[in-house]
Amino acid sequence: MSRFFPGVPALLALVSCASAPSQPAASAPAPLAAPVVERVVAKVEAPRPSRKEQVRRILPHNVRLQIAEGGKARSTASGVVVGSERDEQGRAVAWVVTNAHAVEMDHLKDPVLHVLVDRQGDVLEHTGEVAATGHVPELDLALVRVPGLELPAVELADDAELELGEDVVVAASPFGRALSLSGGMLSQVEWDKETKRPKMVKTDAPIGYGASGGGIFSLETGRLLAIVEGYRTAKVDFAVQEQNYSFDVPMPGETFAAPSAKVRQFLQGKGFARLLERAAATEGGVAQAAGR
């Protein structure tokens with residue numbers, strides 16, 4: 001993404017000059033006014049954070065999800081914190097966006113949705129509850145309420161940030177393991193012909209099973225560009241000693257994701273627009289404090 005850097009204006013000095021008179025003047029000339037100097041203060045833009053610094057800012061927005069039944073894990077997924085607030089008793093509440101298909105539990109008898117946060121070997125475990133879901137496949141998003149979890153809310157990217165070639169990092173928890181990162185770029189942006197809004201994006205960053213609901217972040221701004229929905233696979237067949245085997249392999253550049261515009265639409269449509277306002281206000285306050 002291109003960024004305009006204003007040039008530093010030079011200091012301008014406006015100085016008046018006069019030539020000496022050839023004939024004596026009838027009266028003494030009036031003293032010249034002091035030179036007028038216009039002072040221009042150059043606005044210096046803060047340097048762009050390094051890759052490591054940006055990643056440190058991105059990591060606290062991410063969690064992993066686990067659906068358990070009878071004390072055994074049945075499925076895993078990933079999620080991103082899009083809201084952080086206090087309830088009427090003053091307790092922290094985090095709101096996590098993930099995929100609707102990732103929190104499908106109708107086929108289980110007594111399921112429990114665990115929200116896990118990994119911190120250098122320690123695992124903080126909370127219980128979440130599904131607050132809203134979209135319709136799959138048109139809107140494969142869900143919102144999970146997590147009482148007692150206090151994590152910073154991410155800021156959603158604007159549509160203009162979804163540019164082909166944008167450097168991204170995907171934060172997810174594939175295979176139910178601790179949070180992991182993969183890097184790449186936005187490889188495709190599909191736009192809606194009627195609304196002129198992005199409706200689907202793809203990245204070439206590699207992911208694995210369980211990365212559904214993970215976040216795709218801009219390495220330039222640290223904002224959330226999209227939520228991972230799934231990936232296209234290719235079937236590989238081979239034979240060993242007259243036995244046939246096959247498995248699916250993720251195809252590079254075929255990771256599908258719901259863009260931030262869809263996440264924003266989902267939260268507004270489900271009555272959670274306040275989370276967007278609070279996240280933007282918090283991000284603005286942090287940016288203002290960093291610029292002082």
Side-chain angles (χ1 to χ4, degrees), residues 1-3 46-65 77-82 96-99 102 118 140-141 151-175 177-192 197-233 249-267 276 279-280 283 286-287:
M1 178 175 294
S2 60
R3 176 177 291 181
R48 176 179 173 178
S50 67
R51 185 185 187 91
K52 288 185 178 180
E53 291 172 339
Q54 199 66 279
V55 166
R56 291 192 192 103
R57 298 179 182 180
I58 291 171
L59 290 179
H61 303 309
N62 302 274
V63 298
R64 59 187 174 107
L65 308 178
S78 307
V80 180
V81 178
V82 294
V96 175
V97 161
T98 185
N99 291 146
D118 299 282
D140 189 7
L141 295 173
L151 288 177
V154 73
E155 184 181 8
L156 302 185
D158 298 328
D159 294 347
E161 293 185 50
L162 297 176
E163 294 187 4
L164 291 179
E166 175 81 5
D167 290 331
V168 302
V169 59
V170 179
S173 302
F175 306 104
R177 306 297 296 271
L179 187 69
S180 66
L181 303 175
S182 60
M185 64 179 179
L186 284 187
S187 55
Q188 183 180 7
V189 180
E190 185 176 333
W191 297 83
D192 188 280
R197 304 290 300 277
K199 65 178 183 178
M200 187 273 293
V201 300
K202 290 196 298 185
T203 178
D204 64 347
I207 64 169
Y209 177 80
S212 292
I216 301 178
F217 299 85
S218 166
L219 269 176
E220 181 176 354
T221 65
R223 296 175 179 173
L224 180 68
L225 297 173
I227 294 289
V228 175
E229 292 181 322
Y231 51 87
R232 195 187 307 276
T233 61
V249 178
M251 297 177 62
E254 294 296 324
T255 296
F256 299 89
S260 54
K262 268 193 173 182
V263 178
R264 190 176 285 109
Q265 171 192 348
F266 170 70
L267 294 176
L276 300 173
E283 185 71 17
V286 172

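Side-chain atoms are counted along with the backbone in the values below, which use heavy atoms only and exclude waters and symmetry mates.
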Flag side-chain contact, heavy atom, 4.5 Å: [X] against [Y]:
| X | Y | value |
| --- | --- | --- |
| Val170 | Leu181 | no |
| Pro259 | Lys199 | no |
| Arg197 | Asp159 | yes |
| Val189 | Glu163 | no |
| Ser173 | Ser180 | no |
| Ser260 | Leu225 | no |

Got a second to check how far [X]'s [atom1] is from [Y]'s [atom2], nearest 0.5 Å?
| X | Y | atom1 | atom2 | result |
| --- | --- | --- | --- | --- |
| Met200 | Leu162 | CE | CG | 12.0 Å |
| Ile227 | Leu141 | CD1 | CG | 7.0 Å |
| Glu229 | Ile216 | CD | CD1 | 9.5 Å |
| Leu186 | Thr203 | CG | OG1 | 6.0 Å |
| Leu219 | Ile58 | CG | CD1 | 5.5 Å |
| Phe217 | His61 | CZ | NE2 | 6.5 Å |

Exercise. Is a side-chain donor-acceptor pair under 3.5 Å present for Glu166 with Ser218?
Worked result: yes
Problem set entry | Criterion side chain to side chain contact (heavy atoms under 4.5 Å, CB included) on Val96 and Val80, from CA distance to verdict | CA-CA 5 Å; Val96 175; Val80 180; 5.7 Å; no
For this session: Verify side chain to side chain contact (heavy atoms under 4.5 Å, CB included) between Thr255 and Lys202, making sure each step is shown before the conclusion.
Result: CA-CA 5 Å; Thr255 296; Lys202 290 196 298 185; 5.9 Å; no
For this session: Evaluate whether atom CZ of Phe256 has more than 12 neighbouring non-hydrogen atoms of other residues, nucleotides or ligands under 6.0 angstrom away.
Result: yes
Problem set entry | Ser212 side chain to Asn99 backbone, donor-acceptor under 3.5 Å |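 Side chain of Ser212 to backbone of Asn99, a donor-acceptor pair under 3.5 Å: no, none is there.
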Exercise. Who pairs with Thr98 by side chain to side chain contact (heavy atoms under 4.5 Å, CB included), at least two apart in sequence or on another chain?
Worked result: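 Leu65, Ala77, Ala102, Val103, Ala142, Val144.
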Identify the two heavy atoms, one from [X] and one from [Y], that lie closest to each other, and give their separation to 0.1 Å.
| X | Y | value |
| --- | --- | --- |
| Pro60 | Arg56 | CD-O, 3.1 Å |
| Arg264 | Ala157 | NH2-O, 3.3 Å |
| Ala226 | Ala257 | CB-CB, 3.6 Å |

For this session: Kindly indicate, with the supporting measurements, whether the criterion side chain to side chain contact (heavy atoms under 4.5 Å, CB included) is fulfilled by Met185 and Leu164.
Result: CA-CA 7 Å; Met185 64 179 179; Leu164 291 179; over 6 Å; no
For this session: Report the residues that fulfil side chain to side chain donor-acceptor pair (under 3.5 Å) with Asp167, sequence neighbours left out, ordered by chain and then residue number.
Result: none
Problem set entry | CA sep, side-chain torsions, deciding dist, call: Leu267, Val82, side chain to side chain contact (heavy atoms under 4.5 Å, CB included) | CA-CA 10 Å; Leu267 294 176; Val82 294; 4.2 Å; yes
Problem set entry | Salt-bridge criterion met for Arg177 and Asp118 (N-O under 4.0 Å) |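 No, this pair does not count.
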